[in-house]
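Note that the coordinates shown come from a computational prediction; the quantities given were computed from them, not determined experimentally. Scope of the values below: all heavy atoms of this structure, side chains included, with no hydrogens, waters or symmetry mates. Each chain gets a letter, A, B and so on, in the order its sequence line appears, and its residues count up from 1.
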Amino acid sequence: MSLFPLQSSSLQPQTPGAPKRKQPKNLKPQQTPIKTPTRTFKWSSLLPSNPLQTLLSGEHPDPRALPLILSSTSPLSSPPFRSQIHSLALKLNLLSNPHLLSSLALSYGPTKGPTLLSQSPDPRNPLPWTLLLSKSNPRSALKLFDKMLQLNIELDSVAYIVLMKACGQLGSLREAKRVHKVVRLSGLSDVVVHNAMVKMFLECGGVEEATRVFEGMRVKDLVTWTTMIVGFVRSGEFNEGLKLLREMCRKEGRIDGFLVTGVLPACARVSAHKNGKEIHAKIVRLCLGMNNKAPAVENALMDMYVKSGNIEYGKKIFKRMDFKDAISWTVMIFGCSLHGEGEVGVELFKEMKRKGEVFVDRTAFAAALHAANSACLVEEGKSLFTFLSKPQVEHYALMAGLLSRGGYFIEARAFIEEHKLTNCSPVLKAVVDGCRIHRNIRMGKRIIEQLTELEPLNADNYVMLSNLHANEKLEMAKEIKETIQDMGLKTKKAYSWIEIRSKVHAFGTGDVSHPRSEAIYWELERLMKTMREEEGYVAREDYSFHDVDEERECIACGHSEMLAIGLGLISQRSGVLRVTKNLRVCRNCHDSAKLISRIVGRKIILKDPERFHHFKGGVCSCRDIW
DNA sequence: GTAGGGTTAG
């Protein structure tokens with residue numbers, strides 16, 4: 001009761017001439033100073049921050065002020081006070097005011113709110129219902145929808161859009177189909193409704209359904225295209241996304257910031273450097289990235305460059321940005337980390353924190369920990385970790401991985417036990433990585449055993465075990481390989497690709513299907529010979545799993561990344577070679593690529609799922625830890 | 001002087 005000391009008197013203001021007409025003095029300092037003197041009084045009486053004044057001002061409560069009170073965060077919007085406003089509204093017959101009705105219903109929430117609405121003077125008005133829908137959690141929103149159907153409320157476009165958004169958030173394709181049916185029967189056909197429908201299906205994993213709606217739309221706007229393209233990109237269908245972009249450019253002939261921001265991640269993921277550059281040119285020409293308050297376009301561009309191998313362009317954009325938000329910093333920190341510049345990444349993170357202009361969120365922390373990992377900065381990482389108030393799995397994995405990569409195995413184990421992470425597979429996998437690098441077979445084996453218990457059908461775990469032995473014990477590696485086959489598990493096949501004159505050329509292990517295969521092998525043999533004779537190169541024994549399931553394992557230079565590099569060398573006489581591989585680079589290929597970069601005097605950038613290797617002059621940016 | 005809607009980046 002003491003929370004609401006004015007509660008009992010609050011219902012009194014209707015009594016004319018009550019002694020509480022004047023504002024209590026102690027409330028004055030809360031008034032917000034307003035510059036225009038003529039408006040001062042009117043505004044301040046409506047400000048939710050000081051709603052008491054309105055009720056205590058003596059006259060009949062202003063129905064326009066009550067919704068503001070109800071939606072305020074003050075204790076006055078709490079249940080006891082709300083009931084009093086409700087009874088006041090009933091007494092004064094104010095519920096015909098749709099605004100007051102809406103805010104009361106909203107304040108009652110999705111369970112009790114509908115009763116109030118259905119008993120109001122205009123129960124079918126969709127607006128208050130929609131308001132309630134928009135503020136409910138997805139599950140309640142769908143329940144509310146059923147209620148609306150029962151009560152025969154006529155839903156309009158906005159109501160359907162709100163409903164479909166909720167359905168998308170719920171992610172249930174079954175519900176999406178049900179809603180879709182009702183919307184179709186309603187006959188509403190404006191483009192915004194259809195856009196919402198496409199998005200709903202995409203969010204529920206119904207790419208096919210979304211495509212059907214998309215294709216059936218006679219009128220499409222930029223939002224339609226953006227929604228569909230982003231949908232493809234998010235479901236991993238990058239090439240479909242890029243294809244649709246080209247179709248859109250042909251048909252629409254215009255683009256906007258939203259669209260490019262949505263499609264750039266596709267370029268980043270398929271390392272379609274050229275496509276990305278084209279989009280960059282368009283952005284510059286159309287001045288799309290000019291929003292200084294929300295640098296989404298620049299951030300996406302930066303991310304695309306960083307992830308398709310061009311860290312330098314990314315840095316240039318970052319430097320030129322007037323306003324950087326948390327994402328801008330995170331992209332750059334992560335970018336440095338990916339390109340073997342972990343120290344720079346950690347320094348950037350410190351600068352970000354020091355400046356204090358943006359909120360340092362958990363993704364920024366993860367990027368910084370990733371950078372510490374990349375440069376093996378164990379102490380730096382430990383100190384970063386102490387600043388994290390609520391670490392997530394990704395942070396734990398990065399920290400445990402860092403300890404292990406640094407060779408601090410006892411600490412890594414203590415860390416896992418201290419934070420009760422013994423059943424957390426991402427953390428365990430990160431530690432195995434360090435065991436592999438430092439050849440700590442015993443600990444690696446033990447952890448992988450734990451992992452196979454957690455995920456017995458995940459082939460990756462057995463591959464890890466095999467790779468752990470790959471450098472020493474061929475027999476063991478073979479045995480594990482047989483186990484995988486016996487269990488009928490599928491392992492990933494290795495492949496690499498290179499973009500030459502806008503065309504992507506892909507290679508598998510020992511691939512001979514490329515039209516220029518003969519020349520590729522010939523070139524690689526020639527280089528191998530130079531490496532052996534002039535550089536004293538001796539291939540190490542390596543029975544890493546991911547590339548040995550082909551019969552051509554005996555061909556030293558037959559790994560997919562080498563074939564892609566070979567094609568690059570014979571097709572482009574100068575410039576940087578950019579190759580992408582779907583699995584980690586093997587040790588021999590890594591050694592070879594270093595030497596080749598020196599022999600031919602060219603830079604080779606090889607991307608694997610974890611990082612970029614910049615081979616130049618015989619060294620790699622990863623400092624041989626990967 | 002008051003209430004409901006679709007697209008973007010780490």
Whole Å only: how far is the CZ atom of A/Phe214 from the P atom of B/dT7? 16 Å
Considering only B/dT8, B/dG5, B/dA9, which nucleotide approaches the side chain of A/Lys199 most closely? B/dT8
When you compare the ring of A/Phe258 with the six-membered ring of B/dT7's base, are the centres less than 5.5 Å apart and the planes under 30° from each other? yes
Closest to the side chain of A/His99, out of B/dA9, B/dG5, B/dA3, is B/dA3
Could you go through residues 226-237 of chain A and list every donor-acceptor pair under 3.5 Å that involves a side-chain atom there, pairing it with any protein atom two or more places apart or in another chain?
unit_1	atom_1	unit_2	atom_2	d
A/Thr226	OG1	A/Leu222	O	2.7
A/Thr227	OG1	A/Val223	O	2.6
A/Ser235	OG	A/Gly231	O	2.8
A/Ser235	OG	A/Phe232	O	3.3

Answer with base, sugar-phosphate or nothing: what part of the nucleic acid does A/Asp190 contact at a heavy-atom distance below 4.0 Å? base
Provide, to the nearest angstrom, the distance between the CD atom belonging to A/Glu298 and the P atom belonging to B/dT8. 18 Å
Please tell me if A/Arg234 has a side-chain N or O lying less than 4.0 Å from either OP1 or OP2 of B/dA9. yes
How many Å lie between CG on A/Asp122 and P on B/dA3, as a whole number? 18 Å
Among B/dG4, B/dG10, B/dT7, the one nearest A/Pro265 by side-chain distance: B/dG10
Counting any heavy atom closer than 4.0 Å, what does A/Ala364 reach on the DNA or RNA strands: base, sugar-phosphate only, or nothing? base
To the nearest Å, give me how far apart CE (A/Met302) and C1' (B/dG10) are. 9 Å
Side chain of A/Thr261 only, please: which of B/dA9, B/dG5, B/dG10 is the nearest? B/dA9
Take A/Tyr305 and A/His280, measure what side-chain hydrogen bond (donor to acceptor under 3.5 Å, both in side chains) needs, and give me the verdict at the end. CA-CA 10 Å; A/Tyr305 275 125; A/His280 188 178; 2.7 Å; yes
Is any side-chain heavy atom of A/Glu499 closer than 4.5 Å to one of A/Arg578? no
Could you tell me whether A/Leu131 contacts a base, only the sugar-phosphate backbone, or nothing, with contacts defined as non-hydrogen atoms closer than 4.0 Å? sugar-phosphate
Shortest side-chain distance from A/Thr227, nucleotide among B/dT7, B/dG10, B/dA9: B/dT7
Ranking B/dT8, B/dG4, B/dG5 by distance to the side chain of A/Thr130, first place goes to B/dG4
Which is true for A/Ala367 with a 4.0 Å heavy-atom rule: it touches a base, it touches only sugar-phosphate, or it touches nothing? nothing
Which nucleotide sits closest to the side chain of A/Leu127: B/dG10, B/dT8, B/dA3? B/dA3
For residues 202-212 of chain A, which side-chain donor-acceptor pairs fall under 3.5 Å, sequence neighbours excluded?
unit_1	atom_1	unit_2	atom_2	d
A/Glu203	OE2	A/Lys199	NZ	3.0
A/Thr211	OG1	A/Val207	O	2.5

Rounded interatomic separation in angstrom, taking CG from A/Leu70 and C1' from B/dA3: 12 Å
Spacing of A/Ile229 atom CD1 relative to B/dA9 atom P, expressed in whole Å: 13 Å
Name the closest nucleotide to the A/Asp156 side chain, picking from B/dT8, B/dG10, B/dG4. B/dG4
Mind checking if A/Ala326 touches a base, just sugar-phosphate, or nothing, with heavy atoms under 4.0 Å? base
Using a heavy-atom cut-off of under 4.0 Å over every strand shown, decide if A/Pro98 touches base, sugar-phosphate, or nothing. base
Check: A/Lys282 and A/Val260 side chains under 4.5 Å, non-hydrogen atoms: no
Taking the side chain of A/Val192 as its heavy atoms from C-beta onward, which of B/dA9, B/dG5, B/dG10 lies nearest to it? B/dG5
Quickly work out the A/Arg269 CZ to B/dG10 P distance and round it to whole Å. 10 Å
To the nearest angstrom, the NZ-C1' distance between A/Lys165 and B/dG5 comes to 8 Å
On the 0 to 90° scale, with breaks at 30° and 60°, tag the A/His339-A/Phe612 ring pair as parallel, tilted or perpendicular. parallel
Output the single nucleotide from B/dA9, B/dG10, B/dT8 whose closest atom is nearest the side chain of A/Thr226. B/dT8
